[in-house]
Amino acid sequence: MEKLLEKYRDILIQKRYSKNTEKVYINYFTDFCRKFGPGNIDDLSKEKINAYISELIRERNISASQQNQRINAIKFYYEKVLGREKEYYELHRPHKEQKLPKVLSKNEVKKILSVCENIKHKSILMLIYSAGLRRSESINLKITDIDSERMVINIRGGKGKKDRISLLSDHMLVLLRNYYRAYRPKDYLFEGQNGGKYSPTSIANILKKASLKAGIRKKVTPHILRHSFATHLLEQGTDLRYIQELLGHNSSKTTEVYTHVSKKAIDQIKNPVDDFFDDER
């Protein structure tokens with residue numbers, strides 16, 4: 001099985017899949033091979049593969065997201081490693097759950113930033129929010145990606161290996177300059193104690209501590225800062241097309257989800273219950 005997995009990994013690398021995708025696909029494909037035996041998977045029927053996925057749903061209660069990833073890992077083998085046509089088999093995919101993104105108010109974001117006494121921690125969190133960055137994008141930023149002449153941040157190799165630019169605010173630039181003078185990073189904008197990229201786990205931890213210190217009871221993750229940035233832009237009247245570009249979304253449909261959490265339209269609606277009390281004013 002080792003030779004098969006090595007071949008599978010080599011194709012993933014040649015296709016330039018991300019390290020995270022490579023790890024996930026290898027794990028799920030390994031499960032698949034162990035279930036049927038590496039020597040038997042080439043001739044499996046569509047029915048057996050579908051039954052395997054159904055068994056995982058019933059017995060392991062895998063999420064819809066994991067179900068999709070496992071399907072993609074299996075398809076990768078037949079279509080990319082063996083070079084078969086995409087019509088080789090069809091797998092039933094789950095309906096994607098329509099969950100609204102969780103967002104913070106501007107006041108909540110302000111509270112989180114105000115309790116950060118460490119300038120490095122404050123710089124990281126403020127940059128994620130003010131530029132709508134993914135956590136992985138923030139730790140991959142290099143010093144040279146901050147363009148103070150054009151007041152933009154160059155985000156290189158984001159999701160889907162796409163480059164884009166985002167906003168660099170005046171206040172963010174001042175904070176970054178003060179941070180730089182204090183820490184003197186050598187290559188990456190935010191580096192660990194021993195150099196190299198800053199840890200993604202550390203970002204989650206500093207945000208969690210700052211949220212608790214700010215008295216925010218809801219669970220706050222780095223991605224919620226990104227969601228909040230997009231929602232606040234929309235509420236300020238920023239065109240959805242520009243928000244899509246700033247976030248690096250391929251489809252406008254992905255960006256449109258923020259219209260469902262924005263209070264811009266809701267604030268213009270009068271609640272009918274208030275009519276009950278108009279005479280009391």
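All residue numbers in this chain count up from 1 along the given sequence. Please read these numbers as outputs of a predicted model, since none were measured by experiment. Both backbone and side-chain heavy atoms feed into the values below; hydrogens, waters and symmetry mates do not.
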Query raised in the report: Same hydrophobic cluster for Leu56 and Ile41, using side-chain heavy-atom links shorter than 4.5 Å among ILVMFWY?
Result: yes
Query raised in the report: Do Leu176 and Leu189 have side chains that get closer than 4.5 Å, going by heavy atoms?
Result: yes
Query - Atom of Leu167, atom of Ala131 and distance for their closest heavy-atom approach - result: O-CB, 3.8 Å
Requested in this report: To the nearest 0.5 Å, tell me how far Leu233 CG sits from Thr255 OG1.
Outcome: 11.5 Å
Requested in this report: Mark yes or no for whether Arg135, through its side chain, and Pro200, through its backbone, hold a donor-acceptor pair below 3.5 Å.
Outcome: yes
Query raised in the report: How far apart are the closest heavy atoms of Lys162 and Gly248, and which atoms are they?
Result: NZ-O, 3.5 Å
Query raised in the report: What pairs of residues pass the ring-ring contact (aromatic ring centres under 6.0 Å, His included) test when at least one of them lies in residues 105-142, not counting sequence neighbours?
Result: Tyr129-His232
Report task. Quick one: pull up CD1 in Ile203 and CG in Leu133 and give me the separation to the nearest 0.5 Å. Result -> 9.5 Å
Query - Any Ile11 side-chain heavy atom under 4.5 Å of Tyr77 side chain - result: no
Report task. Quick one: pull up OG in Ser166 and CG in Asp145 and give me the separation to the nearest 0.5 Å. Result -> 12.5 Å
Requested in this report: Give a yes or no on whether the ring-centroid distance for Phe190 and Tyr183 is below 6.0 angstrom.
Outcome: no
Query - ILVMFWY cluster, Met151 and Tyr242 together (side-chain gap under 4.5 Å) - result: no
Query raised in the report: What are the two closest non-hydrogen atoms of Tyr258 and His227, and how far apart are they?
Result: OH-ND1, 2.8 Å
Query raised in the report: Between Arg9 and Glu6, does at least one N-O distance fall below 4.0 Å, as a salt bridge requires?
Result: yes
Requested in this report: Kindly compute the distance separating CD1 (Ile216) from NZ (Lys111), expressed to the nearest 0.5 Å.
Outcome: 6.5 Å
Report task. Check the pair Ile49, Ile71 against side-chain contact (heavy atoms from CB on, under 4.5 Å), reporting the backbone distance first and the verdict last. Result -> CA-CA 9 Å; Ile49 297 172; Ile71 289 170; over 6 Å; no
Report task. Identify whether Leu4 and Val81 are in the same connected component of the hydrophobic contact network (ILVMFWY, side-chain heavy atoms under 4.5 Å). Result -> yes
Query raised in the report: Do you know which two heavy atoms are closest between Arg164 and Leu246, and how far apart they sit?
Result: NE-O, 2.7 Å
Query raised in the report: Hey, is the main chain of Tyr179 close enough, under 3.5 Å, to the side chain of Ser123 for a donor-acceptor pair?
Result: no
Query raised in the report: Among pairs that include at least one residue of residues 184-212, which meet salt bridge (charged side-chain N to carboxylate O under 4.0 Å, His left out), considering only residues two or more places apart or in two chains?
Result: Lys142-Asp187
Report task. Spell out, yes or no, whether Ile53 and Phe36 are grouped together once hydrophobic residues are joined by side-chain heavy atoms under 4.5 Å, including indirect joins. Result -> yes
**Report entry** Short side-chain to backbone donor-acceptor contact, Arg226 and Gly132, under 3.5 Å
**Finding:** yes
Requested in this report: Determine, for Lys218 against Glu108, whether the closest basic-nitrogen to carboxylate-oxygen distance falls under 4.0 angstrom.
Outcome: yes
Report summary line: In short, Ile143 meets Pro185 closest at the heavy-atom pair CD1-O, 3.1 Å
Report task. Compare all side-chain heavy atoms of Leu175 with those of Ile119 and state whether any distance is below 4.5 angstrom. Result -> yes
Requested in this report: Mind running side-chain contact (heavy atoms from CB on, under 4.5 Å) on Glu256 and Ser251 for me, showing each step along the way?
Outcome: CA-CA 9 Å; Glu256 284 168 8; Ser251 169; over 6 Å; no
Report task. Side-chain contact test, heavy atoms from C-beta onward, threshold under 4.5 Å: evaluate it for Leu104 versus Val220 and give yes or no. Result -> yes
Query raised in the report: Would a hydrophobic clustering, with Ile, Leu, Val, Met, Phe, Trp and Tyr connected at side-chain separations under 4.5 Å, put Tyr78 with Phe76?
Result: yes
Requested in this report: Could you tell me whether the side chain of Thr238 and the main chain of Leu234 form a donor-acceptor pair under 3.5 Å?
Outcome: no
Query - Ser252 vs Leu240 side-chain heavy atoms within contact, under 4.5 Å - result: no
Query raised in the report: What pair of heavy atoms forms the shortest contact from Lys48 to Leu44, and how long is it?
Result: CD-CD2, 3.9 Å
Query raised in the report: When you look at Lys253 and Gln244, which way does the side chain to side chain donor-acceptor pair (under 3.5 Å) test go after all the steps?
Result: CA-CA 9 Å; Lys253 291 187 180 297; Gln244 179 185 344; over 6 Å; no
Report task. Report the distance from atom CD1 of Ile128 to atom CZ of Arg134, rounding to the nearest 0.5 Å. Result -> 12.5 Å
Query raised in the report: Taking the side chain as C-beta and beyond, is there a heavy-atom pair between Leu207 and Ile124 under 4.5 Å?
Result: no
Query - Step-by-step salt bridge (charged side-chain N to carboxylate O under 4.0 Å, His left out) determination, Glu55 to Lys35 - result: CA-CA 11 Å; Glu55 180 183 313; Lys35 172 67 177 178; 3.1 Å; yes
Query raised in the report: Can you list every pair that meets salt bridge (charged side-chain N to carboxylate O under 4.0 Å, His left out) and has a residue in residues 114-132, with sequence neighbours left out?
Result: Glu117-Lys213
Query - Pairwise distance OG(Ser130) to CD1(Ile153) - rounded to 0.5 angstrom - result: 5.5 Å
Query raised in the report: Any side-chain heavy atom of Asn140 sitting closer than 4.5 Å to one from Arg156?
Result: no
**Report entry** Under the ring pair (Phe, Tyr, Trp, His ring centres under 6.0 Å) test, residues paired with Phe229 that sit two or more places apart
**Finding:** none
Side-chain donor-acceptor contacts of residues 25-33 below 3.5 Å, not counting sequence neighbours, with atom names and distances?
| from | atom 1 | to | atom 2 | distance (Å) |
| --- | --- | --- | --- | --- |
| Asn27 | ND2 | Lys23 | O | 3.4 |
| Thr30 | OG1 | Ile26 | O | 2.6 |
| Asp31 | OD2 | Arg60 | NH1 | 3.4 |
| Asp31 | OD2 | Arg70 | NH1 | 3.3 |
| Asp31 | OD2 | Arg70 | NH2 | 3.2 |

Report task. Would you please say whether a donor-acceptor pair under 3.5 Å links the side chains of Ser18 and Thr21? Result -> yes
Query raised in the report: Is there a side-chain contact (heavy atoms from CB on, under 4.5 Å) between Met126 and His171 once you walk through the steps?
Result: CA-CA 10 Å; Met126 188 167 165; His171 289 91; 4.0 Å; yes
Query raised in the report: For Ile206 and Leu125, what are the C-alpha separation, side-chain angles and deciding distance, and is it a side-chain contact (heavy atoms from CB on, under 4.5 Å)?
Result: CA-CA 9 Å; Ile206 63 176; Leu125 298 184; 4.2 Å; yes
Query raised in the report: Mind checking whether Ile74 and Tyr52 have side chains closer than 4.5 Å, heavy atoms only?
Result: yes
Report summary line: Apart from Ile165 itself, its cluster of hydrophobic side chains linked below 4.5 Å comprises Val152
